[in-house]
J.: 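I have a structure I would like to understand better, so I am pasting it below and will then ask my questions one at a time.
None of these values were measured; they are calculated from a predicted model.
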Amino acid sequence: MTTPVVGIDIGGTKTAAALVDPGGQVRERREVPTPARSGPQAVLDAAARLAADLLGATTGPVGVGTAGTVDPTTGGIRYATDSLPGWTGTPVADALAARLGRPVRVTNDVNAAALGECWAGAARDHAHVLLVAVGTGLGGAVVRHGRVETGARGAAGEVGHLPAPGAERLRCGCGRHGHLEAIASGSGLAAAYAIETGTRVTGRTVAERAAAGDGVARRVVDRAGAALGAALAGLVALLDPDAVLVAGGAGAALLPAASAAYAAEVPAGWAGVPLRPATLGADAVVVGAARLALDSNDSERTHG
């Protein structure tokens with residue numbers, strides 16, 4: 001690769017595009033609020049406008065990391081939550097290829113973040129990585145031999161739906177109770193705090209209160225982190241990665257307790273597998289999307 005490439009991040013609240021250089025560094029970036037309530041065509045138009053501003057003399061495909069489960073054979077959305085109304089069934093790869101006049105490659109945003117961290121972040125030069133993204137919900141991605149493991153339906157790595165002790169009274173985003181996402185996520189922190197105090201605040205506020213010395217908030221955060229760390233220790237034995245990364249807005253709050261539980265629970269044969277914070281922050285998805293665009297051997301289908 002000798003020229004930059006464009007990566008796009010389509011989320012429920014913001015859409016971003018970036019020009020990424022051969023070393024995985026962001027050189028230019030554009031961002032707008034996602035017009036989610038205006039429907040899929042408006043979202044696609046916004047993404048295409050951002051990318052078109054950056055394409056210039058670049059060649060080759062554009063990469064996209066998007067909210068939702070991406071069909072690995074079509075580049076369309078198999079399933080999405082209400083954060084992007086009507087997004088389920090949207091042919092993102094074909095629609096953006098038509099708008100931009102070049103091939104487009106699409107993967108889930110957490111998958112893209114994992115690719116970005118492997119290329120230019122905390123897992124640089126690691127070929128086998130498990131990444132969990134702790135935000136409002138809890139997402140995950142598995143990288144093997146430097147490529148995303150999509151699974152049969154594009155949904156491999158969804159760690160949030162593992163059963164988790166302590167989450168029995170908490171409702172997961174999928175509608176069921178007792179899953180890891182129901183306790184180890186921003187929404188999980190908020191729900192657990194409300195059960196204990198009767199006060200409804202955001203997960204971010206719970207984390208802030210914990211840091212400020214609120215005993216109940218501290219207990220909620222530590223319990224969530226311990227559940228996450230124990231689950232990751234088990235997943236290390238199953239997936240055998242080189243490294244485990246924790247990303248996302250709520251990840252930093254959970255990481256201390258998660259690290260302690262992980263160290264206590266990880267089997268001896270995997271004791272050397274580090275658990276560490278991701279480092280690319282808001283650029284992870286656009287960087288990973290650019291990496292996806294460059295990798296002609298990835299399992300996602302190229303359109304255009």
J.: Which heavy atom of Ala210 sits nearest a heavy atom of Val221, and at what distance?
T.: CB-CG2, 3.8 Å

J.: Please test Ser259 against Arg276 for side-chain hydrogen bond (donor to acceptor under 3.5 Å, both in side chains), starting from the C-alpha separation and ending with a verdict.
T.: CA-CA 8 Å; Ser259 296; Arg276 58 176 65 136; over 6 Å; no

J.: Can you list the steps and then say if Glu117 with Arg124 is a salt bridge (charged side-chain N to carboxylate O under 4.0 Å, His left out)?
T.: CA-CA 6 Å; Glu117 292 289 344; Arg124 185 192 297 266; over 6 Å; no

J.: Do any N or O atoms from the side chain of Glu149 and from the backbone of Gly151 form a donor-acceptor pair under 3.5 angstrom?
T.: yes

J.: With a cut-off of 3.5 Å and sequence neighbours excluded, list every side-chain donor-acceptor pair involving residues 36-55.
T.:
residue : atom : partner : partner atom : Å
Gln41   : OE1  : Arg99   : NH2          : 2.8
Asp45   : OD1  : Arg99   : NE           : 2.8
Asp45   : OD1  : Arg99   : NH2          : 3.1

J.: To the nearest 0.5 angstrom, please state how far the CG atom of Asp242 sits from the CH2 atom of Trp270.
T.: 13.5 Å

J.: About how many Å separate CG of Leu254 and CG of Leu189, when rounded to the nearest 0.5 Å?
T.: 5.5 Å

J.: Check whether Asp71 reaches the backbone of Gly75 with its side chain - one donor and one acceptor, N or O, closer than 3.5 Å.
T.: no

J.: Are Leu232 and Val236 packed together at the side-chain level, in the sense that at least one heavy-atom pair is separated by less than 4.5 angstrom?
T.: no

J.: Can you find a pair of side-chain heavy atoms, one from Leu19 and one from Pro4, that are under 4.5 Å apart?
T.: yes

J.: If you look at every heavy atom in Leu170 and Ala191, which pair is closest and at what distance?
T.: CD2-CB, 3.9 Å

J.: I'd like to know if Arg291 and Asp295 make a salt bridge, using a cut-off of under 4.0 Å between side-chain N and carboxylate O.
T.: no

J.: Under a 4.5 Å side-chain heavy-atom rule over Ile, Leu, Val, Met, Phe, Trp and Tyr, are Ile77 and Leu100 clustered together?
T.: yes

J.: Under the ring-ring contact (aromatic ring centres under 6.0 Å, His included) definition, can you give me all pairs with a residue in residues 160-200, not counting sequence neighbours?
T.: His161-His179

J.: Between the side chain of Thr88 and the main-chain N/O of Ala80, is any donor-acceptor distance below 3.5 Å?
T.: yes

J.: Can Trp87 and Thr66 be counted as having a side-chain donor-acceptor contact under 3.5 angstrom?
T.: yes

J.: Rounded at 0.5 Å granularity, tell me how far SG in Cys172 sits from CD1 in Ile183.
T.: 12.0 Å

J.: Is it the case that the side chain of Arg78 and the backbone of Arg153 share a donor-acceptor pair, with hydrogens and angles ignored and the cut-off at 3.5 Å?
T.: yes

J.: With a 3.5 Å distance limit and no angle check, can you tell me whether Thr90 reaches the backbone of Val92 through a side-chain donor-acceptor pair?
T.: no

J.: Should Leu245 and Leu255 be counted in the same cluster of Ile, Leu, Val, Met, Phe, Trp and Tyr side chains packed under 4.5 Å apart?
T.: no

J.: To the nearest 0.5 Å, what is the distance between CG (Leu96) and CD1 (Ile10)?
T.: 5.5 Å

J.: Is Leu275 linked to Val110 within one hydrophobic cluster, defined over Ile, Leu, Val, Met, Phe, Trp and Tyr using a side-chain heavy-atom separation of less than 4.5 Å?
T.: no

J.: When hydrophobic residues are tied together by side-chain contacts of less than 4.5 Å, even through go-betweens, does Val148 share a cluster with Val244?
T.: no

J.: Between Ala182 and Ala167, which heavy-atom pair has the shortest distance, and what is it?
T.: CB-CB, 4.4 Å

J.: How close do Gly203 and Ala190 get, counting heavy atoms only, and between which atoms?
T.: N-CB, 3.8 Å

J.: Determine yes or no for a side-chain-to-main-chain donor-acceptor pair under 3.5 angstrom, with Thr279 supplying the side chain and Ala122 the backbone.
T.: yes

J.: Is there a side-chain contact between Val5 and Thr58 in this structure, where contact means two heavy atoms from C-beta onward sitting under 4.5 Å apart?
T.: no

J.: If you measure from the Lys or Arg side-chain nitrogens to the Asp or Glu carboxylate oxygens, is any gap between Arg29 and Asp283 under 4.0 Å?
T.: yes

J.: Can a donor-acceptor pair be found, under 3.5 Å and without considering hydrogens, that links the side chain of Asn108 to the backbone of Gly68?
T.: yes

J.: Determine whether Val142 and Val70 fall in the same hydrophobic cluster, where Ile, Leu, Val, Met, Phe, Trp and Tyr are linked whenever their side-chain heavy atoms lie under 4.5 Å apart.
T.: no

J.: Picking from Arg209, Arg219, Arg218, Arg169, what satisfies salt bridge (Lys or Arg N to Asp or Glu O under 4.0 Å) with Glu196?
T.: Arg219

J.: Would a distance-only check, ignoring hydrogens and angles, find a side-chain to backbone donor-acceptor pair under 3.5 Å from Glu158 to Ala156?
T.: no

J.: Between Asp9 and Lys14, does a salt bridge (charged side-chain N to carboxylate O under 4.0 Å, His left out) hold up when you go through it step by step?
T.: CA-CA 8 Å; Asp9 173 7; Lys14 68 163 179 69; 2.7 Å; yes

J.: Once you round to the nearest 0.5 Å, how far does SG of Cys118 lie from CZ of Arg147?
T.: 12.0 Å

J.: For the residue pair Leu131 and Val143, establish whether any side-chain heavy-atom pair is separated by less than 4.5 Å.
T.: no

J.: So do the side chains of Pro277 and Val246 get within less than 4.5 Å of each other, counting heavy atoms only?
T.: no

J.: Pair Arg102, Val62 - check side-chain contact (heavy atoms from CB on, under 4.5 Å), show working.
T.: CA-CA 7 Å; Arg102 65 180 65 201; Val62 170; 3.6 Å; yes

J.: So, for Ala233 and Tyr262, which heavy atoms are closest and what is the spacing to 0.1 Å?
T.: N-CD1, 3.7 Å

J.: Check this for me: does any side-chain nitrogen of one of Glu181 and Arg176 sit under 4.0 Å from a carboxylate oxygen of the other?
T.: no

J.: Could you tell me the separation between the CZ atom of Arg144 and the CG atom of Asp240, rounded to the nearest 0.5 Å?
T.: 8.0 Å

J.: Go through the steps for Leu292 and Trp119 under the test side-chain contact (heavy atoms from CB on, under 4.5 Å), then give the verdict.
T.: CA-CA 10 Å; Leu292 179 71; Trp119 184 23; over 6 Å; no

J.: Going by distance alone, is a donor N or O of one side chain under 3.5 Å from an acceptor N or O of the other, for Thr34 and Thr15?
T.: yes

J.: Heavy atoms only: give me the nearest Pro72-Ala152 pair and the separation to one decimal.
T.: CG-O, 4.3 Å

J.: Checking Asp21 side chain against Gly24 main chain: does a donor-acceptor pair fall under 3.5 Å?
T.: yes

